[in-house]
J.: 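Take a look at the following structure, please.
Reminder, nothing fancy here: chain letters follow the sequence lines and each chain counts from 1.
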Amino acid sequence: MSDGPKLDAVDVPVKPAGYGLSTISRATYFKEAALRNLFLVCACVAVAGVALIFLFVGWRGWPIFAKVGLFSFLGGGVWHPTVGQFGILTLIVNSLLATLGALALGAPLAVGTAVFLSEVADARVRAWVRPAVELLAGIPSVVYGFFGLVLLRPIIAKFSGGLGFGLFTVWIILAVMILPTIAAISEDALRSVPEGIREASYAMGATKWQTIWRVLLPAAKIGIIDAIILGMGRAIGETMAVVMVAGNAPVIPNGIFAPFLTLTTVIVMDMPYAAGDHRTALFGVAIVLFVISMIFVASIRIISRFGREVG
Amino acid sequence: MNRRLQVRVVALVVLIPVLLMSGCSSSPGQTKTVLTVTGSTTILPIAEVAAEMFHEQHTDLRVLVAGVGSSAGIESVTNGTCDIGTSSRELTPQEKTLGLVDTPVAFDAIAVIVNPANPVKALTKQQAADIFEGKTTNWKDVGGPDEPIGLVNRDEASGTRDAFSKIVLGGAPFDPKAAVLPGTGQVRAVVADSVTSVGYISLGFVDKSVKAVSIDDVQPTEKTVADGTYPVSRVLHFFTKGKPSGLTKQYTDFVLSSAIQNKVVRDAGFLPVAEGRK
């Protein structure tokens, strides 16, 4: 923290009612104030981190927009940096293909898991299934990648007749990776549906399935959409697992078993040797990723607000 | 093995911060006891084993070896973050102006490898070029079964890719649809378990899991590389800033000694410089 936060803004201590100055000692007062400021500093570190990264990436990546032009950078189809072609449209499309496919596979699986955990499973089963799902979130992504490369890829190579790199392999790996994120948040959303709504549904003669499908899922819709967007953010930003099974060819794959390069993997592949404009272009790619994740975060906020207003 | 792992870990721990903070060089003045050697992953097995043997003979001296790719090696010897930059490719015209001194330490041949189940045994250099440029996309065009060719390429930091591109493709671009893998081991592993795949790796890393095809009717062997008949081969370099001196010279001479050349270099599948061409 170079230029400290403006502490005077929060100087006025917020004291619970009936807790006047007379009842707490000076030492307690200072301790409380110190703690409050400590937590403020913690929060500021996070904000400063985001700001610094954004400034740095922007500062290093901006020249590429000036050099090749925003439209030919974002809209150019050919990524061949060593001969000076810096079009990342292919990479954007590939990232979206990878993400949407992973969502198509992973989201139903995850929402199904959430429904099972919240509505179907009894406490004993839940005690086993939930930690297992949570453990999925704790596995480092490089382990997913290694698993995909060593175990999954040869199997897919065998039945597809190709190399086993490609969208299909990436979809499977990413679907499993985003499952815990989507499942946990969707489960929270389902649980926060008031018990009375379930009881009302059963009282109307609805079966369990009808209650889940017609009542609970619509009621938890906003939370589930948030969960899916968060999962999308995880999928589009995932790098280590993808770089190991994507095959990294800078073209739009002609099929789901053909190698492809994405926005994140290009950074990992090229950063060790990129120099000059090539390096700047990689920072430009980072800016694009930054903007994409800002869009995700913003859309979650907008949807949540919308949800609160409607529901 | 243990020692080897240790050297590698130490090298990584020391080199990563050094590489990250480009620009800060090891301080001259006092006598150096630690030498850093960075660069080609192809040269890694030679440089690493030589470093261990060197340390056994001179226990007060250490040589730290890291494999980060030829281009990164040349880059770091140029800006002073390492003492020797190892490279499996020649210098570019621009790099030639940097005042680096070249010491060839071994010869290497690049083998075009296919899956052992692939009936194709021989390719001409032209056929190999057509395959990797994406002009030939089916094995039946080069005497194999009617199967699409699964191209496996290396990343652009790879010295092997650079050499293969120059020697076989004549600088023509690779097929962009090829899978790009960041290491020799990965290329070999993928070719070993995908029947229709083809890739290229240093002859030193060819093992029984893959099959090296002959190029222009010359099978890649030590003999054909040494006498220069095998067309896809190259020189492995140590680059230093100025003529090697002090610890750098000590280590370079050690690598060129017959103990290393005839044992370590050969074990790694390369050829000693003394017996090679040029």
J.: Within the 4.5 Å heavy-atom criterion, are A:Met269 and B:Val180 side-chain neighbours or not?
T.: yes

J.: Would the number of heavy atoms belonging to other residues, nucleotides or ligands and lying under 6.0 Å from CD of A:Glu238 be above 12?
T.: yes

J.: In terms of heavy-atom proximity below 4.5 Å to chain A, should B:Thr196 be classed as side chain, backbone, both, or neither?
T.: side chain

J.: Mark yes when over 12 heavy atoms from residues, nucleotides or ligands other than A:Phe65 sit less than 6.0 Å from its CZ; otherwise mark no.
T.: yes

J.: Given the rule in the salt bridge (Lys or Arg N to Asp or Glu O under 4.0 Å) test, do A:Lys158 and B:Asp193 qualify, once you have shown the distances and angles that lead to the verdict?
T.: CA-CA 8 Å; A:Lys158 213 147 263 162; B:Asp193 61 30; over 6 Å; no

J.: Would you say A:Tyr273 and B:Val68 make side-chain contact, with heavy atoms under 4.5 Å?
T.: no

J.: Among residues 145-155 of chain B, which ones touch chain A with a heavy-atom distance under 4.5 Å?
T.: B:Gly150, B:Leu151, B:Val152, B:Asp155

J.: With a cut-off of 6.0 Å (strictly less than), are more than 12 heavy atoms of other residues, nucleotides or ligands near CZ of A:Phe159?
T.: yes

J.: Can you name the closest pair of heavy atoms from A:Pro272 and B:Ala72 and give their distance?
T.: O-CB, 4.4 Å

J.: Answer with side chain, backbone, both or neither: which region of B:Val190 has an atom nearer than 4.5 Å to a non-hydrogen atom of chain A?
T.: both

J.: Non-hydrogen atoms of chain A under 4.5 Å away: do they reach the side chain of B:Glu156, the backbone, both or neither?
T.: both

J.: Would you say the side chain of A:Pro253 lies within less than 4.5 Å of the side chain of B:Lys177, judging by non-hydrogen atoms?
T.: no

J.: At a heavy-atom separation under 4.5 Å, does A:Asp270 approach chain B through its side chain, its backbone, both, or neither?
T.: neither

J.: To the nearest 0.5 Å, what is the distance between CZ on A:Arg153 and CD on B:Gln186?
T.: 8.5 Å

J.: For residues A:Ala249 and B:Ala178, report the shortest heavy-atom separation together with the two atoms involved.
T.: CB-O, 3.0 Å

J.: Could you have a look at A:Leu163, A:Val251, A:Thr82 and say which one has the most heavy-atom pairs with chain B under 4.5 angstrom?
T.: A:Leu163

J.: Counting only heavy atoms closer than 4.5 Å, note whether A:Leu149 contacts chain B via side chain, backbone, both or neither.
T.: side chain

